[in-house]
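What follows is a set of notes on a single structure, which appears directly below.
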There are 2 protein chains.
Amino acid sequence: MPRHQKPTLNDVARESGSSIATVSRAMSQPELVQPQTLERIREVAARLGYVPNRRARALASGQSETIGVVVPTLNSPIFSSTLQEMQRSFAANGFQLLIASHEYDAASETAALAQLVSHGVDGLIVVGAKRAPSALAVLKAARVPIVQLWEGSADHDRVTVDNHQAGYLAARHLVDIGHRNIGVICGHLLNNDRQSARVEGIRAALEKDGLTLARTKISEQPLTISAGRAGCMTLLQMLPRPTAIIGTADLLAIGALFEAQGRGIAVPDALSIAGIDNVDVAAHLSPSLTTVDIPAANIGTEAAALLLQRLRGENTGPAARIALPVTMVVRHSTARAPG
Amino acid sequence: MPRHQKPTLNDVARESGSSIATVSRAMSQPELVQPQTLERIREVAARLGYVPNRRARALASGQSETIGVVVPTLNSPIFSSTLQEMQRSFAANGFQLLIASHEYDAASETAALAQLVSHGVDGLIVVGAKRAPSALAVLKAARVPIVQLWEGSADHDRVTVDNHQAGYLAARHLVDIGHRNIGVICGHLLNNDRQSARVEGIRAALEKDGLTLARTKISEQPLTISAGRAGCMTLLQMLPRPTAIIGTADLLAIGALFEAQGRGIAVPDALSIAGIDNVDVAAHLSPSLTTVDIPAANIGTEAAALLLQRLRGENTGPAARIALPVTMVVRHSTARAPG
DNA sequence: GATCACTATGAAAGCGTTTACATCACGGAG
DNA sequence: CTCCGTGATGTAAACGCTTTCATAGTGATC
């Protein structure tokens, strides 16, 4: 019987002389079938190379063992660490990840969410809380557990990182060592509440000391090293020149560092530079980068744990919140303000 | 009728006074239904908030609009650029990506592949050709188009990057500028044909000039900056000390660069360092890193194009191969051998 | 006016599972 | 010896969609 189709439950049932229901049980609830029958079925299944069809299983059971994840980009060092850990946790529990990215475009995000929901994911992981009303509607209609990363709202489980605090710490550090004129290079603030919160944190720290963060001292840039350089160049042209620069993402700070060095400006003696994220390379640069550590990998682990609990029904309570700490990492790219 | 279930085709059919078949056609082949009927159906569908259930669609049609991707890691700069572009291309064509990573563990890879296949992906993208026999069996049984990235075998479509050539170019460059004693820091060679090929390329370039690559001059490391530092440290202890080091991944080379600088060894005057990959940061370091450019983003784009062609039946011919060029990028971390 | 091709629609059979519900055999309780 | 609970298995109805095939209606053709 050389059929060239994949074998189905039916085939196994016929070959093993059991009913299709018994075979189904043998696959998913083996404790319900007699050991002897079970073994016979398993032997046949192995011989035929039977692999359960999850699409059918998903349709019948309403569970797809699939988690949808939507992130802004896949190739940022931060998100990719988070993803890596998330994938590890979910895979260990039999779940696959459907991953989409939207590159900070609201329409793409809505589309991605809609697609994932229509694919029937069992759970959803999203970054940030702020989003287009249409996207919110999609999430609402999805009727599956949702975990928000980074920033969250009270109506869903969330793993938050205090971005405001991260900005605050970075600015506080610089103010503490005498800086009064601080420039900021940040990502585009539209559709990005992580970046917005960091900038607000910086503002708060400055205002506490009676300083203000003028709009002109903020350079909005894409989140790349080159953009960091460009932002740095802009800020350095201002008079009086800032004595310190905060990049609200390490990539930006690193770009700024390179740009300053390229122009012969001594870091940290003539210019202090601080970042936020603590990416791998930050510790190795010279001078090593002062930054605020964001536990990116942990975010992934915790988010997976939270979602798995919901899926298993172990947590039916109100929306949980796991707030991960951010910590200042003072290295050698910052120093007391000159003069 | 406030049912709290998601509306189905049936609901739309009832409300719009058409049959379920017509509604189905209105959704997926609108040209087959009369404009007037179509509009009525669309109006009802919109009012009910109907979203097609792709699980059911997949089961009935045999197409899931889902592509499985298995990569070693998600958080490498190289793979994540590839993924980003791939995701972009597929999303533009209505496909979602099921992404898994195995962290260079053969068993995990087999498991991931099996899961993806059982999920019923329409196509599969894998990295490299060499894999465990069990994994090959899974691929064979999958009966879906497969695209191999980086290294490929003749039985599948593939987007290759000549890793051998990349290694060759890097070594050739160093030999050309007078280096005779070259150390190599590479990733673990087991289960990683990209790394193996790069090392072999280096070996070939050296042997062409009558040089040999002693096993002792190769340091196998994980693919991280810290590991690059460690590898560099090991190599620097050898006597005579190598005058040049190749990191077969930029992260390794960057680590080596930092380590050398940390030890007060002038790069490139006392020690030349070259990498392979051309990651973003390479151009910005000081000295900027001499490396071999690997078109990571292109790999994603091309792979998606290849797979989409197969899925659309536009290409039913023999396995295609797209070989992307690698190019030497000489910067300032390499210089003529001292003496 | 009968025939034909064609279009728009409907009825119904799957797709491969899961899962009530029914059945049956068996053994212990009364 | 009958009754009933129990455990193993089977039957069949979903799950929500696609798709084949049949049907009815519409003009055009001879």
Side-chain angles (χ1 to χ4, degrees), chain A residues 3 5-42 44-45 48-66 94 115 117-122 141 143, chain B residues 3 5-42 44-45 48-66 115 117-122 141 143-144:
Chain A
R3 286 172 56 203
Q5 299 300 318
K6 291 192 191 174
T8 73
L9 262 196
N10 226 320
D11 298 327
V12 179
R14 189 168 1 86
E15 289 280 311
S16 71
S18 300
S19 81
I20 179 173
T22 304
V23 178
S24 169
R25 281 187 278 259
M27 292 299 148
S28 34
Q29 307 167 65
E31 69 277 9
L32 290 186
V33 15
Q34 223 175 9
Q36 169 187 346
T37 316
L38 182 57
E39 180 167 2
R40 184 159 33 86
I41 292 177
R42 287 201 166 145
V44 173
L48 262 45
Y50 170 74
V51 175
N53 178 330
R54 291 178 117 103
R55 311 204 273 224
R57 181 180 289 188
L59 181 56
S61 72
Q63 306 258 278
S64 66
E65 286 164 317
T66 277
Q115 269 212 42
V117 170
S118 124
H119 261 293
V121 296
D122 290 341
R143 303 181 180 290
Chain B
R3 286 171 57 203
Q5 298 300 318
K6 292 193 190 174
T8 72
L9 261 196
N10 227 322
D11 298 326
V12 178
R14 190 169 356 87
E15 289 279 311
S16 71
S18 299
S19 81
I20 179 176
T22 304
V23 178
S24 169
R25 280 188 278 259
M27 293 298 150
S28 33
Q29 306 167 63
E31 69 277 9
L32 290 186
V33 14
Q34 224 176 6
Q36 170 187 344
T37 316
L38 183 57
E39 180 168 3
R40 183 161 33 86
I41 291 177
R42 286 202 167 142
V44 173
L48 263 46
Y50 170 73
V51 175
N53 177 328
R54 291 178 115 100
R55 310 204 274 224
R57 182 180 288 191
L59 182 57
S61 72
Q63 306 259 276
S64 65
E65 286 164 317
T66 277
Q115 268 213 41
V117 170
S118 125
H119 260 294
V121 295
D122 290 342
R143 300 181 182 290
V144 297

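In what follows, chains carry the letters A, B, and so on, assigned in the order in which the sequence lines appear, proteins first and then strands, with residues in each chain numbered from 1. Side chains are part of it too, since the values below use all heavy atoms of this structure and drop only hydrogens, waters and symmetry mates.
- Residues A:Asn10 and B:Ile20 each lie close to DNA chain C; by heavy-atom proximity, the contact nearer the 5' end of the strand is made by B:Ile20.
- For the pair A:Ile41/A:Met27, a side-chain contact is recorded, criterion being any heavy-atom separation below 4.5 Å from C-beta on.
- Between B:Gln34 and C:dT7 there is no side-chain polar atom (N or O) within less than 4.0 angstrom of OP1 or OP2.
- Here the side chain of B:Ala21 is nearest to one of C:dA20, C:dT18, C:dA11, namely C:dA11.
- Here the side chain of B:Ser19 is nearest to one of C:dA20, D:dT19, C:dG10, namely C:dG10.
- One can place CD of A:Gln36 at 8 Å from P of D:dT9, the figure rounded to the nearest angstrom.
- For the pair B:Leu9 and B:Tyr50, the minimum side-chain heavy-atom distance is below 4.5 Å.
- In terms of heavy atoms, B:Val44 sits closest to B:Glu15 at CG1-CB, 3.4 Å.
- You'll find the side chain of A:Val117 stays beyond 4.5 Å of the side chain of B:Val51, heavy atoms only.
- Atom NE2 of A:His119 is separated from atom P of D:dC15 by 22 Å (rounded to the nearest Å).
- Taken residue by residue, residues 50-60 of chain B places heavy atoms nearer than 4.0 Å to DNA chain D at B:Tyr50, B:Pro52, B:Asn53, B:Ala56, B:Arg57, B:Ala60.
- B:Ser24 comes within 4.0 angstrom of a base, heavy atoms only.
- Between the CD atom in A:Gln115 and the CZ atom in B:Arg54 there is a gap of 4.5 Å [rounded to 0.5 Å].
- Within the structure, every side-chain polar atom (N or O) of B:Ser61 is placed at least 4.0 Å from both OP1 and OP2 of D:dT19.
- Rounded to an integer number of Å, the gap from B:Arg25 CZ to D:dC17 C1' is 13 Å.
- Nearest heavy atoms, A:Ser64 versus A:Gly120: OG-O, 2.7 Å.
- Atom NZ of B:Lys6 is separated from atom P of D:dG16 by 10 Å (rounded to the nearest Å).
- Side chain to side chain, B:Arg40 and B:Ser16 fail the donor-acceptor criterion of an N or O pair below 3.5 Å.
- Closest approach to the A:Leu9 side chain among D:dT9, C:dT17, C:dG10 is made by C:dT17 (side chain taken as heavy atoms from C-beta onward).
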